[in-house]
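Below is one structure, written out as structure tokens; the observations come after it.
A quick note: this is a predicted structure, and the numbers were derived from the prediction, not measured.
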Amino acid sequence: MLDLKFIRDNIDAVRANIAERYMDADLDLVVRLADERTAAIKALEDQRRRRNEVAQAMKAKLGDAERQALIDEGKALKDAIAGLEARLSEVEIELKAAHARIPNMAHPDAPRGKEDKDNLEVKRVGEPTRFSFEPKDHVTLGAELDLLDFDTATRVTGTKFYYLKNQGVILELALTRYALDLLMAKGFMPFSTPDLAKTEILEGIGFNPRGAESNVYQLADEDLCLIGTAEITLGGYYSGRTFSKDELPLKLVGLSHCFRREAGASGQFSKGLYRVHQFTKAEMFIYCLPEDSGRYHEELRAIEEEIFSSLGLPFRVVDTCTGDLGAPAYRKWDLEAWMPGRNGGEWGEVTSTSNCTDYQARRLNVKYKDDDGKNQYVHMLNGTAIACSRAIVAILENYQEADGGVRMPPALVPYCGFDRINPK
RNA sequence: GGAGUGGUGUCCGAGCGGUUUAAGGAGGCGGUCUUGAAAACCGUUGUACCGAAAGGUACCGGGGGUUCGAAUCCCCCCUACUCCGCCA
């Protein structure tokens, strides 16, 4: 969330930002509730101060009449305080809800626009793969090579789930280990995280688990959600923590399953691995000083480019437009790999890296002590190292050969133990 | 899951209804002394919020309750440890 003081001092900029991001946050409500909150706190603190004075006075030796007068005043204060506390608590709940809806400010250079088609292509590596034959999509390849089984998963779990089989399993393990090795060499500390997290952590990261459009699965009878990304568990890892400056930056890479409800996402792209309810992902996460976050955002993007370049997959980089940023992000880069089987050949998002500045740190209370000994919020960034499902789409579709077999990217061969998946 | 014992400031640790505005110690910082250091002594030492400031309010695992007044009493929850049960 944004700092309330910042909101008050920059109302016009915050209002313009909300509009550019096409969010329906009620800025005026936030300001009004913030004022109400301040007034309620002042009233409450006055009464509490008086209560403390009365309690202090009771310690002295007193006549019966004096004593009774103080007790009566104390009783009256008790009621008044209870009422004020109730009012304050109501206002704070409303304020918190309204405040949480206000998105982070956007980077001045982020393209202004509403939807993903307004994203700006800034770089292209490789060119769309050409074939001397009619290429198949990954669903066909996966079935023919016995790597993917959607039909059984539909019976056992429901649509948009899948089984990986045979070399498909090894390919997933190879991808995660490849990414982990590459990141560990760059100083990232590896984690295997829980696949669930408490609602409060989800909200701190900027997810809204409640509501019909929510992409989050919630557990019945428990205050727990299935995570949609290890960003949640890695960002929650240091919630409440105050770092000393020399502990930063902190670079983590976390392996987890990711769960997404994708409610209402059925339709022409519903088939296959591209949009599924569960996948495995290695996620990068950085905690750093505010002045360094721009630089580390570039580093995350460069790592994502390195991973996809080294896998020999054609991709482009887009600068995500304001309307497509999501509430916590200040700026976001997406990598889109070429997917020959998608709609007859199309770019499809395979990674995403966001600089969330202090938006998540403020709610999760992650700080550092600055040179003056004052506590300041850290900046938090995240980025996909490898999202297995989509990486597998790209590999199967780009590396397929005329006989229906699929070569493995050379970089993965040591991790797979095979260099080709041959037709049955 | 059952039984028992705990959770106090940066750390250790007292306090179990009103001289606690949280004792005492350790550590940190500043100072005195010293050629320098150690020792000794003196001072200081958290977080958030309200406020222009002075200052105030809250925080003793979390939440509720009792009371004029709660770290202290009551209830619920979380958590750690020990023992038992179950289990990959």
How long is the line joining [atom1] of [X] and [atom2] of [N], in whole Å?
X: A:D223; N: B:rC78; atom1: CG; atom2: P; result: 12 Å
X: A:Y377; N: B:rU47; atom1: OH; atom2: C1'; result: 11 Å
X: A:E200; N: B:rG62; atom1: CD; atom2: P; result: 13 Å
X: A:R241; N: B:rU10; atom1: CZ; atom2: P; result: 14 Å
X: A:E85; N: B:rG64; atom1: CD; atom2: C1'; result: 12 Å
X: A:K42; N: B:rA58; atom1: NZ; atom2: P; result: 17 Å
X: A:L44; N: B:rC50; atom1: CG; atom2: C1'; result: 11 Å
X: A:R8; N: B:rC50; atom1: CZ; atom2: C1'; result: 11 Å

A:E247 side chain vs A:S244 backbone, donor-acceptor pair below 3.5 Å: yes
N/O donor-acceptor pair under 3.5 Å between A:R390 side chain and A:A337 backbone: no
Where the side chain of [X] is concerned, which of [options] is the nearest nucleotide?
X: A:R37; options: B:rG69, B:rU57, B:rC50; value: B:rC50
X: A:Q56; options: B:rC68, B:rC50, B:rU21; value: B:rU21
X: A:I71; options: B:rG51, B:rU57, B:rC68; value: B:rC68
X: A:R49; options: B:rC68, B:rC49, B:rU57; value: B:rU57
X: A:K78; options: B:rG18, B:rU67, B:rC50; value: B:rU67
X: A:K367; options: B:rC68, B:rU57, B:rA48; value: B:rA48

Base-pairing assignment for B:rG85 (Watson-Crick or G-U wobble, both under 3.5 Å): none
Short side-chain N/O contact to B:rU10 OP1/OP2 from A:K369, under 4.0 Å: no
Upstream residue (5' side of RNA chain B) when A:D46 and A:R67 are each assigned their closest nucleotide: A:R67
Counting any heavy atom closer than 4.0 Å, what does [X] reach on the DNA or RNA strands: base, sugar-phosphate only, or nothing?
X: A:N375; value: sugar-phosphate
X: A:N52; value: sugar-phosphate
X: A:L70; value: nothing
X: A:R51; value: sugar-phosphate

Sidechain N-carboxylate O distance under 4.0 Å for A:K281, A:E231: no
Salt bridge present between A:E36 and A:R32 (N-O < 4.0 angstrom): yes
Ring geometry between A:H277 and A:F161 (parallel below 30°, tilted from 30 to 60°, perpendicular above 60°): tilted
Nearest-angstrom distance, C1' atom, B:rU5 to B:rG9: 24 Å
Inter-nucleotide P distance (B:rG25, B:rA80), Å rounded: 33 Å
Working for salt bridge (Lys or Arg N to Asp or Glu O under 4.0 Å), residues A:K245 and A:D371: CA-CA 8 Å; A:K245 266 182 93 166; A:D371 292 330; 3.2 Å; yes
